[in-house]
Amino acid sequence: MSDFVGRPAPQTGTHCKPKQYDALYRQSVEDPDGFWLEQARRLDWYKQPTVGGSWSFDPVDIKWYTDGSLNLCHNAVDRHLADRADQVALIFEPDDPASAGRSLTYSELHGEVIGMANALKAMGVGKGDRVTIYMPMVIEGVLSMLACARIGAIHSVVFGGFSPEALAGRITDCQSRYVITADTGLRGSKVVPLKANVDAALALDGVDVDGVLVVRHTGAAINMLEGRDHWFDDLKSDVDCPCEPMAAEDPLFILYTSGSTGQPKGVLHTTGGYGVWTATTFNYVFDYQPGEVFWCTADIGWVTGHSYIVYGPLINGATGVVFEGVPNYPDHGRFWDIVDKHQVNILYTAPTAIRALMREGDDFVTSRDRSSLRLLGSVGEPINPEAWRWYFEVVGDKRCPIVDTWWQTETGGVMITTLPSAHDMKPGSAGKPFFGIQPQLVDNEGAVLDGAIEGNLCITHSWPGQARSVYGDHDRFDQTYFSTYRGKYFTGDGCRRDGDQYYWITGRVDDVINVSGHRMGTAEVESALVLHDKVAESAVVGYPHDIKGQGIYCYVTLNAGEEHSEQLFAELRAHVRKEIGPIASPDHIQFTDGLPKTRSGKIMRRILRKIAENDYGALGDTSTLADPSLVDRLIEGRQNR
Ligand code: 6R9
């Protein structure tokens with residue numbers, strides 16, 4: 001019990017008291033259909049569903065609310081016009097604090113979404129079409145998503161930091177015929193050439209679209225291709241554009257995410273279940289009170305932005321902040337300036353940002369007021385107790401509870417967290433399962449582990465926000481998530497459960513690494529490296545990194561006759577940035593004459609991980625290696641000393 005932190009008295013927590021959590025949780029697992037049909041009443045339906053879950057994990061077929069019909073743009077926008085038309089829906093904070101920001105009321109948001117929806121229709125976009133959104137963090141990014149939802153198009157948001165090559169892959173994978181982008185974006189005063197990147201992506205072989213909608217944001221000069229490219233301002237119009245009634249299981253969006261093998265997968269979410277899940281989790285996890293200002297610092301290119309910048313807050317009629325910039329520009333106090341300027345009550349950010357700001361000292365924080373803050377949230381990776389304490393003590397002045405929310409692109413919304421007014425907190429532990437979530441720990445053979453123990457984290461029952469498939473490849477969905485432990489959803493994470501039934505996520509147990517809260521498949525970085533004509537083979541592993549959580553460590557063998565050099569190191573880094581984007585930049589590249597393989601040719605990653613972690617005292621059994629002497633040479637050449 002010693003690791004509990006005294007719970008600060010919640011100022012407003014009206015939503016869930018400790019006993020209510022126990023009762024509601026019990027109800028949610030004993031009668032999931034009844035519970036989730038009741039939660040579905042948070043939304044407006046054209047046809048109220050009478051069926052809860054219809055699902056099986058073997059074979060994999062997941063559906064919720066099959067007889068319901070609704071539209072999430074209506075739920076996020078139109079239905080608020082009756083009682084909060086003049087309430088601010090979105091506050092835009094630009095990259096440069098000296099530039100003009102803006103805010104939109106729900107009524108203005110309604111008008112702007114209709115403008116965007118009409119522009120999409122004018123380009124020919126219809127129900128079921130995929131639309132790729134490649135935008136900076138500006139209001140129009142949110143509008144693009146809502147406009148797609150309004151007309152029944154499926155959005156696929158691609159993070160603006162991805163390269164043209166990565167963007168092209170995501171356009172072709174889902175056969176998207178339309179792109180929405182902006183002239184350029186700004187991050188920490190650096191220009192992101194979004195439209196030029198779209199042009200470069202569309203110039204690649206086999207990549208082709210019917211229309212590109214361009215938002216004028218910075219006013220930078222860009223090329224427009226006659227017939228294909230259209231200014232948003234030219235196509236928008238305010239003619240009536242009713243919301244398209246969608247079946248609950250109609251697709252809402254595709255979001256690409258990294259796994260342990262192959263190229264990123266297009267995770268598919270549908271309308272009804274995702275809407276109920278984001279609305280319910282937002283309400284309980286952040287204990288949102290009417291009138292409060294909520295700020296999630298994620299980008300809409302990640303699932304956190306989808307669920308907690310766009311759908312969750314807006315369906316709840318909240319006021320949210322959309323921030324274009326970065327935490328350290330113009331200085332390391334920017335987050336706290338924004339908190340004061342917009343009187344932010346709830347801040348939801350990532351451990352990597354917390355660690356980076358912590359390193360700069362307390363003055364940047366304590367010189368700002370921050371008295372508006374009521375609740376703090378963390379997401380994206382395990383938060384180390386030291387960063388947790390700094391967040392709690394310095395940022396939140398020991399007043400604000402922290403919710404450490406564990407979830408994934410595939411889960412649609414928060415799965416494990418403490419609830420602010422129901423639970424005590426433990427630094428480093430996500431806490432308790434959310435309503436309806438039944439976690440299970442299993443060993444590597446799949447045997448169920450009971451009690452206080454560590455194992456592989458699975459979920460045994462479906463929940464409304466669960467991903468339904470991998471777009472265009474249902475077999476891959478089954479293989480990736482349901483085949484390791486038949487009949488269970490396997491998260492890819494390791495986890496410890498303590499005697500208080502609190503869950504502690506220990507990190508990925510597969511070949512996925514988490515760099516600054518961004519998921520990266522080591523296989524993706526490896527395929528990018530071997531595309532370089534001097535590279536013969538590569539193996540990529542993660543290693544602990546003070547700020548980023550994990551860094552990227554690459555082992556590379558070169559083709560015969562090639563010599564390694566500082567210059568080649570720089571060239572390979574640039575090459576990976578070009579293939580994937582800056583977030584995939586290798587931290588270390590170790591050139592080696594071979595990779596440790598078993599006699600059957602399998603790379604022994606365990607050994608490579610240990611060497612990258614500088615923990616080569618405990619390499620374990622190396623006798624099965626084809627060339628045991630290689631290990632000494634690898635240790636000799638290690639880069640992370
Ligand atoms: C929402 C999001 C998912 C992976 C997940 C896990 C890690 C996320 C966490 C956390 C420990 C938390 N993760 N939140 N680990 N504590 N509170 O981040 O989705 O980008 O798909 O990443 O991130 O490893 O499996 P996504």
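- Between S260 and D510, the shortest heavy-atom contact is CB-CB, 4.0 Å.
- With hydrogens and angles ignored, the 3.5 Å screen pairs a side-chain donor or acceptor of T598 with a backbone N or O of K602.
- In this pair, Y555 and Y553 present their aromatic rings tilted. The plane angle is within the 30 to 60° band.
- Here the side chains of E324 and H217 are in contact, with some heavy-atom distance below 4.5 Å.
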Given the rule in the salt bridge (charged side-chain N to carboxylate O under 4.0 Å, His left out) test, do R177 and D208 qualify, once you have shown the distances and angles that lead to the verdict? CA-CA 7 Å; R177 305 297 308 163; D208 183 31; 3.6 Å; yes
Under the criterion side chain to side chain contact (heavy atoms under 4.5 Å, CB included), I'd like the reasoning laid out for V509 against L457: C-alpha separation, chi angles, the key distance, then a yes or no. CA-CA 10 Å; V509 293; L457 177 61; over 6 Å; no
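- Among the candidates V198, T181, D229, V214, the single residue satisfying the side chain to side chain contact (heavy atoms under 4.5 Å, CB included) test with I222 is V214.
- The closest side-chain heavy-atom distance from V556 to Q590 is not below 4.5 Å.
- With sequence neighbours excluded, no residue forms a ring pair (Phe, Tyr, Trp, His ring centres under 6.0 Å) with Y471.
- Looking only at distances, no side-chain donor or acceptor of E381 sits under 3.5 Å from a matching main-chain atom of V515.
- A donor-acceptor pair shorter than 3.5 Å can be found between the side chains of T184 and T218.
- Between H518 and W302, the angle of the ring planes stays under 30°, which puts this pair in the parallel group of the 30/60° scheme.
- D183 and G219 make their closest contact through OD2-N, 2.8 Å (heavy atoms, listed as atom of the first residue, atom of the second, distance).
- Contact annotation: the side chain of M135 approaches that of V215 to within less than 4.5 Å [non-hydrogen atoms, C-beta and beyond].
- Applying ring-ring contact (aromatic ring centres under 6.0 Å, His included) to H306 and the options F253, Y311, W407 leaves one that passes, F253.
- To the nearest 0.5 Å, the span separating OG1 on T592 from NE2 on H564 amounts to 9.5 Å.
- A donor-acceptor pair under 3.5 Å links the side-chain atoms of Y134 to the main chain of F162, judged by distance alone.
- Checking Y543 against N614 by side-chain atom types alone, no donor-acceptor pair falls below 3.5 Å.
- With hydrogens and angles disregarded, no donor-acceptor distance shorter than 3.5 Å links the side chain of T480 to the backbone of F477.
- Between atom CG of residue L167 and atom CG of residue L194 there is a gap of 9.5 Å, rounded to the nearest 0.5 Å.
- With ring centers used as reference points, Y348 lies 6.0 Å or more from W295.
- Under 4.0 Å is where a charged nitrogen must lie from a carboxylate oxygen, and between D546 and R359 no such pair does.
- Side chain of T411 to main chain of Q466: no donor-acceptor pair is present (N/O by atom type, distance under 3.5 Å, no hydrogens or angles).
- Looking at R130, its side chain never comes within 3.5 Å of a backbone N or O of I154 through a donor-acceptor pair.
- Without hydrogens or angle criteria, Y391 side chain to G377 main chain gives a donor-acceptor distance under 3.5 Å.
- Here the side chain of E410 pairs no donor or acceptor atom with the backbone of V267 at under 3.5 angstrom.
- Aromatic rings of F490 and Y481 (six-membered ring for Trp) have centroids beyond the 6.0 Å cut-off, not under it.
- Considering every non-hydrogen atom in both T352 and I547, the closest pair reads OG1-O, 3.0 Å.
- Looking at L202, T132, I180 one by one, the single match for side chain to side chain contact (heavy atoms under 4.5 Å, CB included) with V212 turns out to be L202.
- Inspection of the E524 and S258 side chains reveals an N or O donor paired with an N or O acceptor under 3.5 Å.
- Side chain of S307 to main chain of T304: no donor-acceptor pair is present (N/O by atom type, distance under 3.5 Å, no hydrogens or angles).
- At a threshold of 4.5 Å between non-hydrogen side-chain atoms, the residues E579 and L529 do not count as touching.
- Inter-residue side-chain proximity for L120 and C148 is flagged as met; some heavy-atom pair is nearer than 4.5 Å.
- Comment: D173 does not engage K265 in a salt bridge, judged by the lack of any side-chain N to carboxylate O separation of less than 4.0 angstrom.
- Comment: E526 engages R605 in a salt bridge, judged by a side-chain N to carboxylate O separation of less than 4.0 angstrom.
- With sequence neighbours left out, Y256 forms a ring pair (Phe, Tyr, Trp, His ring centres under 6.0 Å) with no residue at all.
- The shortest side-chain heavy-atom distance between H545 and Q550 does not fall under the 4.5 Å cut-off.
- Atom-to-atom distance recorded for T297:OG1 and F323:CZ is 9.0 Å, nearest 0.5 angstrom.
- What you find for I583 and F159 is that their closest heavy atoms are CG2-CE2, 4.2 Å.
- Using a cutoff of 4.0 Å between basic side-chain nitrogens and carboxylate oxygens, R486 and D478 are scored as salt-bridged.
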For residues 326-335, please give each side-chain donor-acceptor pair under 3.5 Å, one per line with the distance, not counting sequence neighbours.
from : atom 1 : to   : atom 2 : distance (Å)
D331 : OD1    : G333 : N      : 2.6
D331 : OD1    : R368 : NH2    : 3.4
R334 : NH1    : D95  : O      : 2.6
R334 : NH1    : Y329 : O      : 3.2
R334 : NH2    : E93  : OE2    : 2.6
R334 : NH2    : P94  : O      : 2.8

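- Around the CD atom of E386, the shell of radius 6.0 Å holds no more than 12 heavy atoms that belong to other residues, nucleotides or ligands.
- For the atom pair CG (L213) and CH2 (W231), the distance works out to 10.5 Å, reported to the nearest 0.5 Å.
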Working for salt bridge (charged side-chain N to carboxylate O under 4.0 Å, His left out), residues R633 and D593: CA-CA 9 Å; R633 296 203 297 286; D593 58 304; 2.8 Å; yes
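- Taking 4.0 Å as the cut-off between side-chain N and carboxylate O, R355 and E360 do not count as a salt-bridged pair.
- Taken from CG in L441 to SG in C458, the straight-line distance is 8.0 Å, to the nearest 0.5 Å.
- Between T261 and D511, every side-chain heavy-atom pair lies at or beyond the 4.5 Å cut-off.
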Evaluate the criterion side chain to side chain contact (heavy atoms under 4.5 Å, CB included) for residue pair V576 and L572; output intermediate values, then yes/no. CA-CA 6 Å; V576 173; L572 291 182; 5.6 Å; no
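- Listed for the N559 side chain is a donor-acceptor partner under 3.5 Å among the backbone atoms of D533.
- No side-chain heavy atom of E165 sits under 4.5 Å from any side-chain heavy atom of I580.
- Summarising the geometry of Q263 relative to S527, their closest heavy-atom pair is NE2-OG, 3.6 Å, with the distance given to 0.1 Å.
- Shortest non-hydrogen contact noted between H269 and G465 is CE1-O, 3.1 Å.
- Separating the CD1 atom in I505 from the CG atom in D493 is a distance of 5.5 Å, to the nearest 0.5 Å.
- No side-chain donor from either of N223 and D199 sits under 3.5 Å from a side-chain acceptor of the other.
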Derivation and outcome, side chain to side chain contact (heavy atoms under 4.5 Å, CB included), residues T522 and I513: CA-CA 7 Å; T522 51; I513 54 181; 4.0 Å; yes
